[in-house]
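When reading the values below, keep in mind they use all heavy atoms of this one structure, side chains included, and skip hydrogens, waters and symmetry mates. Residue numbers start from 1 in every chain, and the chains themselves are labelled A, B, ... in the order their sequence lines are given, proteins ahead of strands.
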There are 2 protein chains.
Amino acid sequence: MKVVLPDNSELELPAGASGLDAARAIGPKLAEQAVLVRVDGRVQDLRLPLADGDTIQLLTMRDREDPDALAVLRHSSAHLLAEAVTRLYPDVKLAIGPPIENGFYYDFDFVEPIREEDLDKIQAEVDRELAEGREWTRQEISRDEAREMFADDPYKLELVDTAEGDISLYTQGDFTDLCRGPHLQDSKPIKALKLTGVAGAYWRGDSNNPQLTRIYGTAFYSREDLEAHLEKLELARARDHRRLGPQLDLFHMSEYSPGSALWTAKGMAIYNALEDLRRRENARRGYSEVKTPLMWDVELWKRSGHWEKYGENLFRIEHGESTYGLKPMNCPGHMLLFNTQLRSYRDLPIRYAEAAVLHRDEPTGSLQGLTRARQFSQDDAHVFCTEDQIQQEIDGMFDYVDFLYDAFGVRELAHAELATRPDNKLGTDEQWDHTEGALRRALERIGLRYRVAEGEGAFYGPKIDFFMDDALGRPWQMGTIQLDGQQPERLGCTYMGSDNREHTPYVVHRALFGSLERFIGILLEHYGGDLPFWLAPVQVRVLPVGEAHLEAARDLAGRLGAFRVDIGEPTETIGKRIRAAELDKIPFTVVYGDRESEQSLAVRERGGEQSELSLAELLARLTPLLPSEV
Amino acid sequence: MKVVLPDNSELELPAGASGLDAARAIGPKLAEQAVLVRVDGRVQDLRLPLADGDTIQLLTMRDREDPDALAVLRHSSAHLLAEAVTRLYPDVKLAIGPPIENGFYYDFDFVEPIREEDLDKIQAEVDRELAEGREWTRQEISRDEAREMFADDPYKLELVDTAEGDISLYTQGDFTDLCRGPHLQDSKPIKALKLTGVAGAYWRGDSNNPQLTRIYGTAFYSREDLEAHLEKLELARARDHRRLGPQLDLFHMSEYSPGSALWTAKGMAIYNALEDLRRRENARRGYSEVKTPLMWDVELWKRSGHWEKYGENLFRIEHGESTYGLKPMNCPGHMLLFNTQLRSYRDLPIRYAEAAVLHRDEPTGSLQGLTRARQFSQDDAHVFCTEDQIQQEIDGMFDYVDFLYDAFGVRELAHAELATRPDNKLGTDEQWDHTEGALRRALERIGLRYRVAEGEGAFYGPKIDFFMDDALGRPWQMGTIQLDGQQPERLGCTYMGSDNREHTPYVVHRALFGSLERFIGILLEHYGGDLPFWLAPVQVRVLPVGEAHLEAARDLAGRLGAFRVDIGEPTETIGKRIRAAELDKIPFTVVYGDRESEQSLAVRERGGEQSELSLAELLARLTPLLPSEV
């Protein structure tokens, strides 16, 4: 038989040859280095047979950053963990142990729950296994055999019962697990394996099921990769907005309201800076600020179509014979507001903007500070327009996005996704060429990285989603620009055209920041808390050296009234207070003692040296830091 | 026997003499004019016997504005209505028919529901009764007799069964009703009786009971009083914010969200003017703007005490094993925010302000536009302070109220209620003298009318509620200043005192506008929609005479960019558009045609004449209308 290699050359092999055989046929060095084979795009065990005509790619230790190669390494590592735990805790029941982004986990049902401290013992056992070395062998068995084999393990039994296709087992040493694979041949390529934590989890993620103990770990093809990973985690942890928020006293979370932040005055300085910018820019760009209710009868959510698509995320309020849903988005309210008047084509476009409080029922386990919250606000808007106006409206939105990325200095974090015509599209290919082309040109005009999600647009038009990366490089969906020909029709929106007939307007849904909460989370991580001057909650701190200078310090603070200024009262030494101002990430600190006067202030810039400035010089230094356009 | 007259003179009467006998003893004219007698402060039928030593006051036709005299007149009128309805609809069942503010009603259970149009027929029947004249006679019977008498009428029967004390009947003509009285002797004093409307109502106000038909009416001791009343109603209707809101396109209501307004861009201009003022003034007065979640686990509402007191008004969200309540007020969130840091006496006072969206479950039937809504926001704040700081904080709040009443020109609508020490008070009378005295002095200092609600304060301190009257003169509760020593304790708020020991801070709850929605409703009614310039949604409208002047009009609007300006496009004659601008209650209208230029603009002020001003003169006219302090 013949297989095709990545360079399109063909390799002749005996029938039934495996990936490993193919490696050997190419050369002994490759056979030694090979860890997996990718067959027609999917990785498989090196020892499984290939078929005639397969296109194959051998993955080696050098493919250490290949996502598939990493996933298999980590999957095999999860089996090593399970072997170690089974040996240390013979009564444990095993659930599942998949690879995940950046690592793997395994879920166990312990008789006595274990704790973080127990990880050392388990790590030592895994290390011993790695030192001894393990090989994986695969075996296929019947469903009945599997049932018998896992009779004592309710989780595995359930997996056997719900599995589709053949049942396969993987064995290393004296440990056998139910598993589809693929796996490494042996444990040699696992150069670094580190258990990283313990958490609670539910069987199949359902809180009605028994709680399990999840042990997390990670593994790499080299020690250096593990070290780089841990270093990156450490940096990310320092920038994690969930840590920075409470530390800088910007916001706090409460167990009484999971997923909703409590914002302090300092946090609100940032929040309101965004909110003021949003209102000012909206006014400048012809948006009308409106305000619509939070609670709507589910009959409306049914009419709008949200009940069907988002019903699960809707918080519900039972009220007599009605059920209300707390709004997860503003659209239906804006459509009803549009419907309060007769509209003419001369009135269009009508642009409604609202940053109301929205609620979405995200599962407790998925909540993540400001970036995945249950309560948040979006810089939401709905533009009602004619078909002819769509292009101009979308261009205006891209200008706005462009402006925002500059204002906040976040362009490098951003990318977009363009969802194009689906199979069930309305309209002609020429029309779609036109709209998709316009979106592409707009994306390129503002120089935003983007990828195309082929066929993922709605049937009435393409869609753009905007993303930004957090400190761990994970992308979060932020804004969206989405053309909608359906909801305005469902909610009976019409306008009188120049032809004196009723038409349904198009609606462009758009959020540019997206969630203000999430945007602030991303900003905090991007700047590691060192927010640009205009966003800093406290912009200047005045430090009187002693009680004697307090009056003069207050006076100075008054003179700096155009900025957010506070006073670090002389309750501690000046050195400690300078250090505290650094930890509070305050852009400018002014020390005021015997030697200082309005003519000569000791000014320290965040992360910089101390310099001597007059009040006038200081004001001249600060004023340009409030960008005129924001 | 002897009775005492209002001038403290004594009148000798035979034992068992009635009020009418007393009137006759004084003079025949008085006997003719008398309608009721007030005995020791409570009105009773003229024909009921007096007792020795009673202090009596005879009420005559001249006491036509006396609330008791009016109530009795209207109560008797309700009986006339019931007689008429019984004659016209022999199968009707009667429920109750009390006097109310400004009139009376009677609830009926009709076999076939009647409609507004049927009122004419009933009015004619009542008019006939009045022309014939009726006398009322009272009779007391036993409970058993009453049961027998009203065996066919389930509502009366229920009243008999639940009545306390003796059962009395009143008969006029051939109509007898179960009634405590008092009533007029005869129908002569009823100089005007008008049926005003039909509505649905539930027996005992409970929506689980059968629905009844309520007929409303009003009655007076003179025709002039009725006419004055109807005129006042007509004026109030023109000023009703529920009518003005949609008419001026400020807000709309939707059946999908009862009790929550949909605010248009114009309405938001008012809303945001209040909100901007609130934020600016709060900042100036040392309040910290914060933001806390809307949804809280009911466990928190139980800890705070709201569950017990306000549980019925809480919209509830069932969520797995938890129940959340949508916040009706901000207090517990602010207490938790206070608790996120260790606090020292040096940090106090801490003043948290928040105008979050609040929800209260008001019964559907009680909803009333913006003045009684389910969704609203308050200019809420909580001040955490030491006992020594209470006085200064309350003084500051009164200054703030004083400022607001001036800024909005609503002082004449406002009054306050001071709730004083209750029986179960904490602290000494001297302490209460001190705090109550301080509140009184503050009320007098800002010159606010107030009444004292003796004994209605909370046990830990007195309370002030602020009220304003709507267009019908009905008072609505707006703001409050309330001292709280209990909730901070329940939620574990503490600070470290100068004595190095933990103390519980006092909290002063305060809202000054109260509900922003209600405040806007009152403002609209107060000004009949003619809002002061700085609050007007559109401050200037530019009217180009024809298409040829559109460009110049836009240019002019741009030059007036410091104000809220719109353009009345030339889709209709200039006359119609000037009239429309008046109906839209726009403070300034500028007509721009061939004869106009920047040197000479035709400016028309709301309700005034047209005058010729240059652009510079117009700007000089408008700018001072934006008060610098608001």
Ranked by heavy-atom pairs below 4.5 Å to chain B, first place among A/L337, A/V357, A/V298 goes to A/L337
CG (A/L294) and CG (B/L326) are apart, to the nearest 0.5 Å, by 8.0 Å
Interface of chain A and chain B, donor-acceptor atom pairs under 3.5 Å:
from   : atom 1 : to     : atom 2 : distance (Å)
A/D249 : OD1    : B/Q341 : NE2    : 3.1
A/Y256 : O      : B/D297 : N      : 2.8
A/Y256 : OH     : B/R303 : NH1    : 3.0
A/S257 : OG     : B/M295 : O      : 2.5
A/W263 : N      : B/K291 : O      : 2.7
A/W263 : O      : B/K291 : N      : 3.2
A/D276 : OD1    : B/R279 : NH1    : 3.4
A/D276 : OD1    : B/R279 : NH2    : 3.3
A/D276 : OD2    : B/R279 : NH2    : 3.2
A/R279 : NH1    : B/D276 : OD1    : 3.4
A/R279 : NH2    : B/D276 : OD1    : 3.3
A/R279 : NH2    : B/D276 : OD2    : 3.2
A/K291 : N      : B/W263 : O      : 3.2
A/K291 : O      : B/W263 : N      : 2.7
A/L294 : N      : B/Q375 : OE1    : 2.8
A/M295 : O      : B/S257 : OG     : 2.5
A/D297 : N      : B/Y256 : O      : 2.8
A/R303 : NH1    : B/Y256 : OH     : 3.0
A/H319 : NE2    : B/D361 : OD1    : 2.8
A/H319 : NE2    : B/D361 : OD2    : 3.1
A/Q341 : NE2    : B/D249 : OD1    : 3.0
A/D361 : OD1    : B/H319 : NE2    : 2.8
A/D361 : OD2    : B/H319 : NE2    : 3.1
A/Q375 : OE1    : B/L294 : N      : 2.9

B/L342 atom CG, neighbour heavy-atom count above 12 within 6.0 Å = no
Side chain proximity check, B/L262 to A/L336, heavy atoms < 4.5 angstrom: yes
